[in-house]
S.K.: 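Dropping a structure here in structure tokens format, bear with me for questions.
Throughout, numbering of the chain's residues begins at 1 and tracks the sequence. Whatever order the structure lists them in is the order used to number ligands and atoms, beginning at 1.
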Amino acid sequence: GKGGYDHYMLKEIYEQPTALRQTIRGRSNQLDGRVELEELPPGAFSDVRSVHLVAMGTSYHAAMYAQTLLAERGITAQAFLSGEYGSNPPPADDGTLVIAVSQSGETADTLSAIRSVQGTGAHTLALTNVVGSTLTRECEDTVYIRAGPEIGVAATKSFSAQVATLILLSERLSRDVRGGTPAATGDLLDALSVLPDDVQRVLDESTAESVAKAYHDSESYFFIGRGIGHPVALEGALKFKEITYDHAEGFSAAELKHGPLALVTDQTPVFAVFTGRNDTKTLHNVKEVRARDAPVVAVAADGYREVDDYADHVLRVPDTHHDVAGILANVQLQLVSYLAADELSRPIDKPRNLAKSVTVE
Ligand code: M6R
């Protein structure tokens, strides 16, 4: 059941600290900096020269996030919509690791992307929540995100658990591929270990309700961010449109001047995601939308005060390592979407036209 919550979505948002504890349990050793994914023996990735991530929807946003994490570590990686990958396959060979990211492990597009690399020599890895799902049978290896069952059509805790798992996987890959222990590791493992508590703090202290109350009757919403903030912006917009039925569009803050700015008015709230990297550039974009009188909601770290003068609302997240900051920002945006949809009395767990898993192409 819904355990006292009005909707599964809200229950699952609140389950994130527990889900993340399960995700990271036993997988990183802060004392010696080791990262262990039990399913994968040490050195499993030593032949990997490039990584393809294939996924749809929210899982695609987690894949985009991982593309940035891997690039930071010097690994050539690209996220693909699995629904495009199979029909327009990029070159893959025995140096390619293809990671299929799917909560359900049953998404038809993602299964067919994996089938399309059979025979190329590429190594296939499933990153999923569902034990024994079709994807785990089609891929050579599986890493579970261990989020627990997700019932709401809008994916929430699975995104957080996917990204946390992909952070660990990126660390493992960078060691196997490049050898040695990257300098950032200690800080990152510390940040991951306190992530469940940080998410709890976001849930306890969020002011998303005032944002949802102020803006739920606008007709169009924009979400912007850079780097890992870009997939978080896309995910914020996807969640918002799925459950509020209002138009919401996410894009890189870098794109703003190249078109979307034409639509920005005092009627279009803009959500700006700050993650601790290139924040000054994103702040510049915020100033541009302010100059068009757009209401601005910033999602920013406690310590980032520069934004205060330019935003109508700031949704705060605890200061943390850059690589995990996007998970915290996304939790704030989940709450905004949920609370706005609730203001509008939408059928949050079963939005029209959508199914929990899309088993046809
Ligand atoms: O089960 P999967 O992760 O493969 O599902 C992929 C998408 O269908 C899914 O994320 C969808 O976009 C959700 N409704 C997003 O909330």
Side-chain angles (χ1 to χ4, degrees), residues 7-13 15-16 19 23 52-66 79-86 98-115 124-139 142-166 223 231-246 248-250 327 330-331 333-338 340-341 346-361:
H7 299 94
Y8 280 109
M9 183 184 177
L10 190 62
K11 174 172 180 265
E12 288 159 4
I13 288 172
E15 279 171 353
Q16 287 177 110
T23 300
H52 294 172
L53 299 125
V54 295
M56 294 306 289
T58 293
S59 296
Y60 175 67
H61 301 146
M64 279 181 73
Y65 196 123
F80 296 88
L81 288 167
S82 45
E84 293 281 0
Y85 188 88
V98 183
I99 305 175
V101 185
S102 172
Q103 187 285 131
S104 63
E106 303 296 345
T107 298
D109 286 319
T110 306
L111 292 169
S112 77
I114 283 299
R115 287 173 192 144
T124 54
L125 173 65
L127 200 118
T128 184
N129 197 27
V130 179
V131 176
S133 54
T134 308
L135 191 65
T136 66
R137 286 183 268 118
E138 301 265 340
C139 291
T142 298
V143 173
Y144 287 108
I145 64 167
R146 308 199 300 214
E150 188 178 71
I151 311 292
V153 166
T156 53
K157 63 176 180 172
S158 61
F159 177 83
S160 297
Q162 284 168 337
V163 173
T165 309
L166 286 162
F223 292 73
V232 171
L234 296 181
E235 174 59 9
L238 174 63
K239 213 92 308 173
F240 203 91
K241 74 181 78 162
E242 274 187 301
I243 60 169
T244 69
Y245 305 159
D246 282 322
E249 194 179 332
I327 299 177
N330 187 57
V331 172
L333 295 180
Q334 291 170 347
L335 289 168
V336 171
S337 287
Y338 174 84
R346 303 292 190 229
I348 291 175
D349 283 331
K350 289 200 180 302
R352 67 184 179 208
N353 307 339
L354 301 177
K356 180 62 178 164
S357 39
V358 183
T359 54
V360 288
E361 281 183 57

S.K.: Taking 4.0 angstrom as the limit and counting only heavy atoms of Glu242, give me the atoms of ligand 1 inside it, by number and element.
M.R.: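 Per the distance check, 13 (C), 14 (N), 15 (C), 16 (O).
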S.K.: So, Lys157 side chain and Ala147 main chain: donor-acceptor pair closer than 3.5 Å or not?
M.R.: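 Checked: pair present.
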S.K.: Which of parallel (below 30°), tilted (30 to 60°) and perpendicular (above 60°) describes Phe240 and Phe223?
M.R.: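 Plane angle between 30° and 60°, so tilted.
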S.K.: Indicate the atoms forming the closest heavy-atom contact of Val101 with Thr110, along with that distance.
M.R.: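 Shortest heavy-atom contact: O-CG2, 4.4 Å.
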S.K.: Mind checking whether Ala154 has a heavy atom under 4.0 Å from ligand 1?
M.R.: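 Ala154 counts as a contact of ligand 1 under the 4.0 Å cut-off.
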S.K.: Of the protein's non-hydrogen atoms, which lies at the shortest distance from atom 8 (O) of ligand 1, and what is that distance?
M.R.: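 Ranked first by proximity to atom 8 (O) of ligand 1 is Val358 CG2, 4.1 Å.
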S.K.: In the protein, what heavy atom is nearest to atom 1 (O) of ligand 1, and what distance, to one decimal place, separates them?
M.R.: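 Going by distance alone, atom 1 (O) of ligand 1 is nearest to Ser104 OG, 2.7 Å.
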S.K.: Which ligand 1 atoms are under 4.0 Å away from a heavy-atom of Thr58?
M.R.: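 In order of numbering, the contacting atoms are 10 (O), 12 (O), 15 (C), 16 (O).
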S.K.: Can you check whether His61 and Phe159 have ring centres sitting under 6.0 Å from each other?
M.R.: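 Ring-ring flag for His61/Phe159: false, centres at least 6.0 Å apart.
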S.K.: Below 4.0 Å from ligand 1: does a non-hydrogen atom of Thr110 turn up there or not?
M.R.: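 It does not; every heavy atom stays at 4.0 Å or beyond.
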S.K.: Would you check whether Gly57 has a nitrogen or oxygen atom less than 3.5 angstrom from a nitrogen or oxygen atom of ligand 1?
M.R.: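 Gly57 vs ligand 1: no N/O contact under 3.5 Å.
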S.K.: Output yes when a side-chain donor or acceptor of Asp349 lies under 3.5 Å from a complementary backbone atom of Met9, and no otherwise.
M.R.: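 The answer is yes, because a donor-acceptor pair under 3.5 Å joins these two groups.
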S.K.: Name the option, out of Lys239, Glu106, Met56, that contains the heavy atom nearest to atom 6 (C) of ligand 1.
M.R.: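 Ranked by closest heavy atom to atom 6 (C) of ligand 1, first place is Met56.
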S.K.: Test of understanding: with salt bridge (Lys or Arg N to Asp or Glu O under 4.0 Å), list the residues that count as partners of Lys11, not counting sequence neighbours.
M.R.: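 With sequence neighbours excluded, Lys11 shows a salt bridge (Lys or Arg N to Asp or Glu O under 4.0 Å) to Glu15, given in chain and number order.
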S.K.: I need the full list of salt bridge (Lys or Arg N to Asp or Glu O under 4.0 Å) pairs touching residues 142-151, with sequence neighbours left out, sorted by first then second residue.
M.R.: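 Listed by first then second residue: Glu38-Arg146, Glu150-Lys356.
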S.K.: Considering the heavy atoms of Gln103, write down every atom of ligand 1 situated less than 4.0 Å from one of them.
M.R.: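 Numbered from 1, ligand 1 contributes 1 (O), 2 (P), 3 (O), 4 (O).
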S.K.: Under 3.5 Å between any N/O of Lys356 and any N/O of ligand 1: does that happen in this structure?
M.R.: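 No, Lys356 has no N/O under 3.5 Å of an N/O on ligand 1.
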S.K.: Give the numbers and elements of all ligand 1 atoms closer than 4.0 Å to a heavy atom of Val153.
M.R.: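 Listed by number with element: 13 (C), 14 (N), 16 (O).
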S.K.: Quick check: does Ser357 get an N/O under 3.5 Å from an N/O on ligand 1?
M.R.: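 The answer is no, given that Ser357 and ligand 1 share no N or O pair closer than 3.5 Å.
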S.K.: How long is the span from the CD atom in Glu235 to the OG atom in Ser337, to the nearest 0.5 Å?
M.R.: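 If we round to the nearest 0.5 Å, Glu235:CD and Ser337:OG are 8.5 Å apart.
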S.K.: Counting from 1, what ligand 1 atoms have a heavy atom of Ser59 closer than 4.0 Å?
M.R.: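 Listed by number with element, the hits are 2 (P), 3 (O), 10 (O).
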S.K.: For the pair Glu106 (side chain) and Thr134 (backbone), establish whether a donor and an acceptor sit closer than 3.5 Å, ignoring hydrogens and angles.
M.R.: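 A pair under 3.5 Å: yes.
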S.K.: At what distance is the nearest protein heavy atom to atom 5 (O) of ligand 1, and which residue and atom is it?
M.R.: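 I find the closest protein heavy atom is Thr107 OG1, 3.4 Å.
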